[in-house]
Peer 1: 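For reference, the structure I am asking about is given below.
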2 protein chains.
Amino acid sequence: MMANKDNSVNIKSGAAKAAGAYHHGDLRAAVIAAGLRRLEQGDGAELGLRALARDVGVSATALYRHFPDKEALLDALADEGLRRLGALQAQAWLKAGGAVAGFKATGIAYVRFAHDEPALFRLSFTRQMSERSPDGASDGGEVAYNLLRAGVGEALPGVEDPDTAALHAWALVHGLAMLILDRRIEWDEVKVAEVVGLTFGGVG
Amino acid sequence: MMANKDNSVNIKSGAAKAAGAYHHGDLRAAVIAAGLRRLEQGDGAELGLRALARDVGVSATALYRHFPDKEALLDALADEGLRRLGALQAQAWLKAGGAVAGFKATGIAYVRFAHDEPALFRLSFTRQMSERSPDGASDGGEVAYNLLRAGVGEALPGVEDPDTAALHAWALVHGLAMLILDRRIEWDEVKVAEVVGLTFGGVG
DNA sequence: CTCGATATGTTTACAGTGACAACATGATGG
DNA sequence: CCATCATGTTGTCACTGTAAACATATCGAG
C-alpha cells in the first residue's frame with residue numbers, strides 16, 4: 001500500500017493524520033491542510049489532484065467523495081485564505097490599539113499577508129465569487145470587508161463619504177499587494193507604511 | 001484584415017529581412033491575433049494550444065516553430081496587452097489636456113481597460129516578469145509606468161515625494177481594477193472617478 | 001534552371017491531467 | 001447477523017502540452 005519510493009515534498013513531520021485518518025478520519029480537512037502546505041511552499045504552487053491525494057496518502061479519485069470537482073477544492077482553500085487574512089487583520093487592529101494607527105496596521109497586515117503567502121493570497125482573490133450557502137455562512141471575505149468598514153467608521157470619524165473612503169483604502173492595499181506578488185514592485189514594509197499613511201493622514 | 005502593425009511583435013534573431021510570407025504568411029502574428037480575439041470573448045478564456053492552432057487553421061505543433069512553449073506565447077499576449085493599455089492611457093492623457101485632469105483620466109482609463117478586457121488585463125499582469133531582451137526592447141509595462149511617473153511630475157508639481165505619490169496612484173487604480181474583475185466590487189465609472197479624485201484633489 | 005539548405009508545417013506518440021463508472025471495503029444500525 | 005451506506009480503489013476516457021520524425025515550401029548558389 002505505502003511503498004512510497006520518492007517523497008518529493010517535505011512534510012513538516014507533524015501528527016497531522018497519524019492519529020487515525022485511514023478510512024473515515026476526516027479526509028476533507030487533511031486534503032485542505034495538504035493544499036495549504038503546498039501553497040505555502042513557493043509561489044509556483046502545483047496543486048494537482050493526484051499530487052494532493054498522494055500527499056494525504058490516498059488515491060486520486062478519493063477526493064471526489066469530498067469535493068464535487070477541483071474547483072470546489074480550490075474554493076475551500078481560497079475561503080480558508082480569506083479567513084486567515086481576516087484573522088491577521090483583526091489581530092493587527094487590536095495590537096495597534098484601534099483608531100487611526102489600528103487602521104493603518106490593518107492595511108499593512110493585508111499587504112504583508114500577500115507577501116508572506118503569495119499563492120494563497122492570489123488564489124483567494126482570483127476565485128470567482130460563486131453564489132453559495134445563502135443561509136448566512138460567512139464566506140470569510142465579508143469578515144475582512146466588514147472589518148474594513150468598521151475601521152473606517154471608527155478610525156476616520158470626520159470623513160465625509162465613508163463608503164468611498166473604505167473603497168479607496170481597500171483598493172490601495174489590494175493594489176499594493178497584487179503589484180508586489182506580481183513582481184511589479186518590491187516588498188518594502190517601510191514603503192508600504194509610507195504609502196498607506198499618505199492617504200490616511202497618520203504619521204509615517 | 002487591417003494593416004499589419006509592424007511593431008506588434010518582436011522578430012526573432014536572424015537576418016533582418018522584413019517579415020515575409022512563407023507558408024501561412026506570418027503565422028506568429030496570426031496566432032497572437034487569435035489569442036487576443038479569444039481573450040476578448042468572455043473572462044473565462046480558454047486558450048489552449050490546440051484550440052488556438054485550430055483558430056488559425058494550422059496543426060497544433062506548428063506553434064512550436066514560433067514559440068518555445070506555451071508560456072512564451074502567453075508572454076507575447078501579455079506584452080501586447082500592456083502595450084494597448086499604455087496606448088489607451090496616453091490617449092486619455094492627451095484628450096483631457098494633461099495636468100491634473102489628464103492624470104485622473106489616465107487612472108480611469110487604466111481601470112476601464114481592466115473592465116473592458118478582463119482576461120487580457122489579468123494575463124498581462126499575472127505573467128511573471130521574466131528577464132528578457134536586455135538590449136532595451138521596451139517591454140510595454142515600462143511605457144505605462146514611465147507615463148505614470150511623468151504624469152505625477154507634470155500634474156502634481158507641488159507634491160513632496162513624487163515616488164511615493166506615483167506608487168500610491170498606481171496601487172490605487174490597480175487595486176480597483178483587480179477588485180472589479182475579481183467581482184469583489186461593481187464596475188461604476190462614476191464611483192471610480194470619485195475614488196481616484198479623492199486622492200489627487202481634482203474635482204469629481 | 002536545378003539542387004541542396006533551411007524554414008516552416010504535419011503526423012504520431014507519450015506522459016500527465018481532471019473526471020467518470022464500476023468495484024471493493026469498512027463501518028453502522030435495525 | 002446482515003443489509004446499507006459512506007468511503008476509497010481500479011480502470012478508463014478525453015484532453016493537454018510537448019517532443020521526435022517526417023514532409024514540404026521557399027530561397028540562395030552554381
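Naming convention: chains lettered A, B, ... in sequence-line order (proteins, then strands); numbering from 1 in each chain.
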Peer 1: So how far is it from B:Asp79 CG to B:Leu74 CG, rounded to the nearest 0.5 Å?
Peer 2: 12.5 Å
Peer 1: Looking at residues at least two apart in the chain, or sitting in another chain, which of them share a salt bridge (Lys or Arg N to Asp or Glu O under 4.0 Å) with A:Glu71?
Peer 2: A:Arg127
Peer 1: Could you tell me the separation between the CZ atom of B:Phe67 and the C1' atom of C:dT8, rounded to a whole number of Å?
Peer 2: 14 Å
Peer 1: Kindly state each residue pair satisfying salt bridge (charged side-chain N to carboxylate O under 4.0 Å, His left out) with at least one member in residues 165-180 of chain B, sequence neighbours excluded.
Peer 2: none
Peer 1: Excluding sequence neighbours, so at least two apart, what forms salt bridge (Lys or Arg N to Asp or Glu O under 4.0 Å) with B:Asp69?
Peer 2: none
Peer 1: Kindly compute the distance separating CG (B:Leu179) from CE (A:Met178), expressed to the nearest 0.5 Å.
Peer 2: 8.5 Å
Peer 1: Within this structure, what is the CG-to-P distance between B:Asp26 and C:dA7, rounded to whole angstrom?
Peer 2: 16 Å
Peer 1: Can you tell me how far C1' of D:dG17 sits from CG of B:Leu47, to the nearest Å?
Peer 2: 13 Å
Peer 1: Scan the side chains in residues 105-114 of chain A for donor-acceptor partners under 3.5 Å anywhere in the protein, sequence neighbours excluded, and list what turns up.
Peer 2:
{"unit_1": "A:Thr106", "atom_1": "OG1", "unit_2": "A:Gly102", "atom_2": "O", "d": "3.0"}
{"unit_1": "A:Tyr110", "atom_1": "OH", "unit_2": "A:Trp170", "atom_2": "NE1", "d": "3.1"}
{"unit_1": "A:Tyr110", "atom_1": "OH", "unit_2": "A:His174", "atom_2": "ND1", "d": "2.8"}
{"unit_1": "A:Arg112", "atom_1": "NH1", "unit_2": "A:Glu189", "atom_2": "OE1", "d": "2.8"}
{"unit_1": "A:Arg112", "atom_1": "NH1", "unit_2": "A:Glu189", "atom_2": "OE2", "d": "3.1"}

Peer 1: Go through the structure and list residues passing side chain to side chain donor-acceptor pair (under 3.5 Å) with B:Arg38, not counting sequence neighbours.
Peer 2: B:Asp55
Peer 1: Under the rule for side chain to side chain donor-acceptor pair (under 3.5 Å), what residues qualify as partners of A:Lys95, not counting sequence neighbours?
Peer 2: none
Peer 1: Roughly, in whole Å, what's the span from CD in B:Glu46 to P in D:dG17?
Peer 2: 11 Å
Peer 1: Look at the side-chain N and O atoms of B:His66 and state whether any lies under 4.0 Å from the OP1 or OP2 oxygen of C:dG9.
Peer 2: yes
Peer 1: A:His66: which residues meet the ring pair (Phe, Tyr, Trp, His ring centres under 6.0 Å) condition with it, sequence neighbours left out?
Peer 2: none
Peer 1: Atom CG of B:Asp69 to atom P of D:dT16: distance rounded to whole Å?
Peer 2: 17 Å
Peer 1: Which atom pairs link the protein and nucleotides 20-23 of chain D when you take only N or O atoms and keep those under 3.5 Å?
Peer 2:
{"unit_1": "D:dA21", "atom_1": "N6", "unit_2": "B:Arg65", "atom_2": "NH2", "d": "3.3"}

Peer 1: Find the distance B:Leu73:CG to D:dT18:C1' and express it as a whole number of Å.
Peer 2: 14 Å
Peer 1: Pick the nucleotide of DNA chain D nearest each of B:Ala60 and A:Ala62; which residue has the one closer to the 5' end?
Peer 2: A:Ala62
Peer 1: For DNA chain C, which residues in residues 34-41 of chain B have a heavy atom at a distance below 4.0 Å?
Peer 2: none
Peer 1: Who pairs with B:Glu40 by side chain to side chain donor-acceptor pair (under 3.5 Å), at least two apart in sequence or on another chain?
Peer 2: B:Arg84
Peer 1: What are the atom names and distances for every N/O pair under 3.5 Å that joins the protein to nucleotides 15-17 of chain C?
Peer 2:
none

Peer 1: Run the side chain to side chain donor-acceptor pair (under 3.5 Å) test against B:Asp116 and tell me which residues pass, sequence neighbours left out.
Peer 2: none
Peer 1: Nearest to the B:Tyr64 side chain among D:dT9, D:dT18, C:dT10, which nucleotide is it?
Peer 2: D:dT18
Peer 1: Whole angstrom is fine here: how far is it from CZ in B:Arg28 over to P in C:dG9?
Peer 2: 13 Å
